Amino acid sequence: MSFNFAVLLRLFFQYWFIFHQCPDGRIFCSSMKRTKIAELLRTEPTNTEVLVKGWVKAFRNNQFIALNDGSCAANIQVVVDAERVDAALTDRIKFGAAIGVRGKLIESQGKGQKVEVVAEELTIFGDCNPEEYPLQPKRQTLEYLREVAHLRFRTNTFGAVFRVRHALAFAIHKFFNDRGFYYMHTPVITASDAEGAGEMFHVTTLPLENIPRTEDGEVDFSKDFFERPANLTVSGQLEAELGALALSDVYTFGPTFRAENSNTTRHLAEFWMIEPEIAFADLHDDMDLAEDMLQYVINYVLEHCADDLQLLENRLLEEEKSKPQHERSPMPLVERLRFVVENKFERLTYTEAIEILKNSKPNKKGKFQFPIEGWGADLQSEHERYLVEKHFQKPVILTNYPAAIKAFYMRLDDPGENVPGPTVSAMDILFPGIGEIVGGSQREERYDVLLQKMREMNIPEEELYWYLDTRKFGSCPHAGFGLGFERLVQFVTGMGNIRDVIAFPRYPGNAEF
RNA sequence: GCCUCAUUAGCUCAGUUGGUUAGAGCGGCGGACUGUUAAUCCGUAGGUCCAAGGUUCAAGUCCUUGAUGAGGCGCCA
């Protein structure tokens, strides 16, 4: 009895699937499993029946559809037999339309592709009116596409950028996981205003049109949601340190917010940052980790995103054709990435860098906007660019900066010979075109030294009692760094503007989508 | 926040010293086309020259202010 019921039920569902009608009224074989185009292009053409779904990239000669589903950069060619398909249907095969095709996967009869799908059944899921559609089958500028960021995923360039972005994110998790790191989620909302990494966005539920005040006219934060001032995080580092001092090796990978009025090609108000923190480690362990990680993830993308990188390399070459020779990249994209993976980064101290810059041609000829006068000043981006792009022509790690220009938590160095002033165990990794991609340091683990430093730099010690506690109880040498994820994506994709490597960029005056 | 440059058709751009009716390519639309590859061929429509003031007989073009965008600098990742 129960057996018969099961058979009936199965028959019913089989029937229902086979004759289930699509929105346009055509009967569609929806019980068949859809195959992604990336997989189809790897398949040997065995005359098997397949179901493919995607968006129309081109419809040539009333016969050939270039179809893309985002699974890879390449399109698959669908061949339509006009005699077998209703003209009312082929009229709706427009650039951008979402369609499904059931047919046989065969060896391509034409040149230019290995396989193609001969359409036996065709369904329009979503029409796309070319008179209104903001995208066109032609080159459009990145600035224009930024205005239609909700649709730009559909272009070849942005498809490649976001596939590479995913691969990089995945590779980062894999790298750390394989090395025994724990992924730690640090708070996005923070009550401490003491991290000193720039202007913060306030988080409040107080009514802006009628802010409660104390008797002295100050904002009465006791009436606010957290009963104290709160902000969006500018860094998860301090909290990551707390985790590292028990779990040994941790990393964060989350959104970060800076309310700086920065208008450049490498700053965002909302960006993603990776911050590893390692216990029982010094600055050299920190540098080794950062260099290994960068080389690992770039290599991962070279291995897994070859087609997308080639597409991005061609895009860059095309873009640079209109630029004067000296503004063009010295190497094509893929070659540049291989170079970074295969060569050790150049490591030198701030003091050594100052000597090189002081004796450099542009400094002697007065070409620097900010001439190098001596030890102690922060390096400007023109100086960093000279070191990376002219002098060494490879990624550079600068270490042991003057204590006065770096954050309070960085470990104070022992006085060195031929070093004019106190330095800290800090390191910055500089990349061509991008500038600073990593900033890190060995952390000050000595309670007394840290406390004195906080007092000198006016860091409120009461607010950071929890940070100081780690130095009071079982403190140990430890280190870490912050990697700007979008800057990494910029470097790997060759995109010039950081606003083009994040789906919906936030920057001064812009929070669209 | 500071400096420089830009804004002309759906998109990318040209437009001379201020001078009659502002042009091109691509895209769109209509047509042709069963082995195309940014398909091709024929035809066709499409403009508040960013906005507001000003100079001038006359402004897309010159001046002022503003808006938006881009690049550089600062802050940083």
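The basis for the numbers below is simple: all heavy atoms, side chains too, and nothing from hydrogens, waters or symmetry mates. Note on naming: letters A, B, ... go to the chains in the order of the sequence lines (proteins, then strands), and numbering restarts at 1 for each one. Keep in mind that what you see is a predicted model, and the values were worked out from it rather than measured.
Proximity note for A:Asn61 (side chain, C-beta onward) versus B:rG71, B:rU36, B:rA70: the nearest is B:rU36.
Using a distance-only test at 3.5 Å, with no hydrogens or angles considered, a donor-acceptor pair links the side chain of A:Asn510 to the main chain of A:Glu512. Of the possible polar contacts, one joining the A:Ser71 side chain to the A:Ala38 backbone as a donor-acceptor pair under 3.5 Å is found.
Side-chain atoms of A:Tyr133 and A:Arg154 form a donor-acceptor pair, as typed in the model, at a separation below 3.5 Å. Between the side chains of A:Gln490 and A:Glu486, no donor-acceptor pair of N or O atoms lies under 3.5 Å.
The phosphate of B:rA39 has neither OP1 nor OP2 within less than 4.0 Å of any side-chain N or O from A:Lys138. A:Arg139 has no side-chain polar atom (N or O) that falls below the 4.0 Å cut-off from OP1 or OP2 of B:rG27.
Within a 6.0 Å sphere centred on NZ of A:Lys36, other residues, nucleotides and ligands contribute 12 heavy atoms or fewer.
Less than 6.0 angstrom separates the ring centroid of A:Tyr251 from the ring centroid of A:His173.
Residue A:Asp428 contributes atom CG, which lies 7 Å from atom P of B:rA77 at whole-angstrom precision.
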Output one line per pair: protein atom, nucleotide atom from nucleotides 2-4 of chain B, and distance, for all N/O pairs under 3.5 Å.
none

Under 3.5 Å, which N/O atoms of the protein pair with N/O atoms of nucleotides 45-52 of chain B?
none

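In a base pair of the Watson-Crick type (N1 to N3 plus N6-O4 or O6-N4) or a G-U wobble (N1-O2 and O6-N3), with each distance short of 3.5 Å, B:rA6 is matched with B:rU68.
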